[in-house]
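Labels below follow one simple rule: chain letters A, B, ... track the order of the sequence lines, proteins then strands, and each chain is numbered from 1.
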Number of protein chains: 2
Amino acid sequence: MVRWEADGRERLAKAALELYSKQGFDETTVAEIAQSAGLTERTFFRHFADKREALFGGQDQFVQGFIDGVALAPHSASPFDVAATAVLVGSKPFTAERRPHSLQRQKILNAHSELRERELLKLAGLAHALASALIARDVGEPAASLAAESGVVVFRVSWDQWLAEGNTRSLVDLERDAFAELGTLVMVSRKP
Amino acid sequence: MVRWEADGRERLAKAALELYSKQGFDETTVAEIAQSAGLTERTFFRHFADKREALFGGQDQFVQGFIDGVALAPHSASPFDVAATAVLVGSKPFTAERRPHSLQRQKILNAHSELRERELLKLAGLAHALASALIARDVGEPAASLAAESGVVVFRVSWDQWLAEGNTRSLVDLERDAFAELGTLVMVSRKP
C-alpha cells in the first residue's frame, strides 16, 4: 500500500471515531465521515466494508502483534506460557498514550450491541489465530484452543480493568496479574 | 406464560430451524416461518425480535441452568470449581438425543457471520451472568470474571468437540476432560 492510501485509511478511521463520539454512531453517515476526512465515499468503501468496520481498522496488525509474540516464546515454553507471551507482546501497543483513544472507542462499542457483537467476532478470530499458531508449534487439541482462548480471556478481563475509571496501571501489568490470578484459581481448585 | 403460547414459541423456533436448513437463512422470510408453524407473523414478532432470534430461543433457560449449577456447588468450593460445576450442570440438557438438533443449528450459524456474532454475544451474556453469581458468593474481581470466562471457554471448546464429525462422547465428559486439561496447562506453566 502506498503512503497516501494508508493515510486515507487512518484519516477515515479517525474521522469516524470522532463523529460517532460527537453525534452518535446511528446518526453518522458514511458521506459525513468521508467529507470530514476530505475524501470520497468511494474511498471509504475501498477501505471499509461498512460503517462498523471503521472502528475495527488495523485488525490484521492487532492479531499479528500476538502472533509475533508466539514466535518470541522459547521452544521449551508450555502452551499456556506461549499464549501468555503472545498476549503480553500483542498488548504492548496499548500504552498510556493510547488509552484515551481506546476508551473513546470502547464507549461507542458499549452503547451498541451490534458493535459489541462485531468486537466479539474479532476477538474470536484472534483466539483462532493464536490456537493455529500453537498447533503449528505441535501443540495438540484441545490444549491449543484452551490455551489460546484462556489467553484472550485474560486480555479481555484486563482490557476492561485498564479502561475502568480511575485506573492508572498499564494493560500489560494488569495482564501479568490476571495470568497469575488465573493460575492461582486453577491451583486452588486442584488441591485435594 | 400459558401453555399454548409456549407451544407457539417452540413451534416457531422449530419451523425456523427447518426452513433455514432446507432453503437457507437469507432466503427464508418471517412470513414463511409463521405459515409453516401455522401462526401469524404478528405472533412471530411477539416471541422474537427478528429472524436471527428464532435460533436463540430459550437463552434465559440456558443461562439459568448454569446459575442453578452455581447454587449446587458447596460453600467451600473455589471460584474455579464453582464455575466448573455451573458449566457441567448447565450442559446437562445437551444430551445425545439433542445433538442432531444442536448440530443442525450450528451448521446454520457457521455459515453466517452475523449469526455467529449473535451467538458470541449470548455467550458473553452467559459469562457475565456467571461472574455476577460468583460475585454474589463474595468472590472478588478479577477472579470472578476470570473463573466465569474460563468456564465459558471450556464450554465453547468442548461444544465444538461435541459437534465434531464422528464424536460419540458426551458434552459433559468432554468438559470434564477440558477442565482437567486446562488445569494441567496452567500447572505446567507454573513449574519453576
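Rounding to the nearest 0.5 Å gives a distance of 10.0 Å between CG of L185(A) and CG of D81(B).
Interface with chain B: from residues 153-166 of chain A, residues V153(A), V154(A), R156(A), V157(A), Q161(A) qualify, criterion being any non-hydrogen pair under 4.5 Å.
Within 6.0 Å of CG in D138(B) there are 12 or fewer heavy atoms belonging to other residues, nucleotides or ligands. Taking a 6.0 Å sphere around NZ of K14(B), one finds it holds 12 or fewer heavy atoms contributed by other residues, nucleotides or ligands. More than 12 heavy atoms of other residues, nucleotides or ligands shown are found within 6.0 angstrom of CD on E27(B). Within 6.0 Å of NE2 on H128(A) lie no more than 12 heavy atoms contributed by other residues, nucleotides or ligands.
Taking hydrophobic clusters as Ile, Leu, Val, Met, Phe, Trp and Tyr residues chained together by side-chain heavy-atom distances below 4.5 Å, L126(A) shares a cluster with V70(A). In terms of hydrophobic clustering, with Ile, Leu, Val, Met, Phe, Trp and Tyr side chains grouped at heavy-atom distances under 4.5 Å, F44(A) and I108(A) are assigned to a common cluster. By the rule that hydrophobic residues join a cluster once side-chain heavy atoms approach within less than 4.5 Å of another member, F94(B) and V87(B) end up as members of one cluster. Under the 4.5 Å side-chain contact rule for hydrophobic residues, L55(A) and F62(A) do not share a cluster. Residues Y20(A) and F45(A) fall within the same hydrophobic cluster, defined by Ile, Leu, Val, Met, Phe, Trp and Tyr side chains chained together at heavy-atom separations under 4.5 Å.
When each of A84(A), S145(A), A143(A), A147(A) is checked for heavy-atom pairs under 4.5 Å with chain B, A143(A) comes out on top. The greatest number of non-hydrogen atom pairs below 4.5 Å with chain A, out of R118(B), E119(B), E141(B), E114(B), is found for R118(B).
What you find for G183(A) and V186(B) is that their closest heavy atoms are CA-CG1, 3.3 Å. The two atoms that bring L120(A) and A124(B) nearest to each other are CD1-CB, 3.9 Å, heavy atoms only. The nearest pair of heavy atoms linking L121(B) to S113(A) is CD2-CB, 4.0 Å. Of all the heavy atoms in L182(A) and S150(B), the pair that sits closest is CD1-OG, 3.3 Å.
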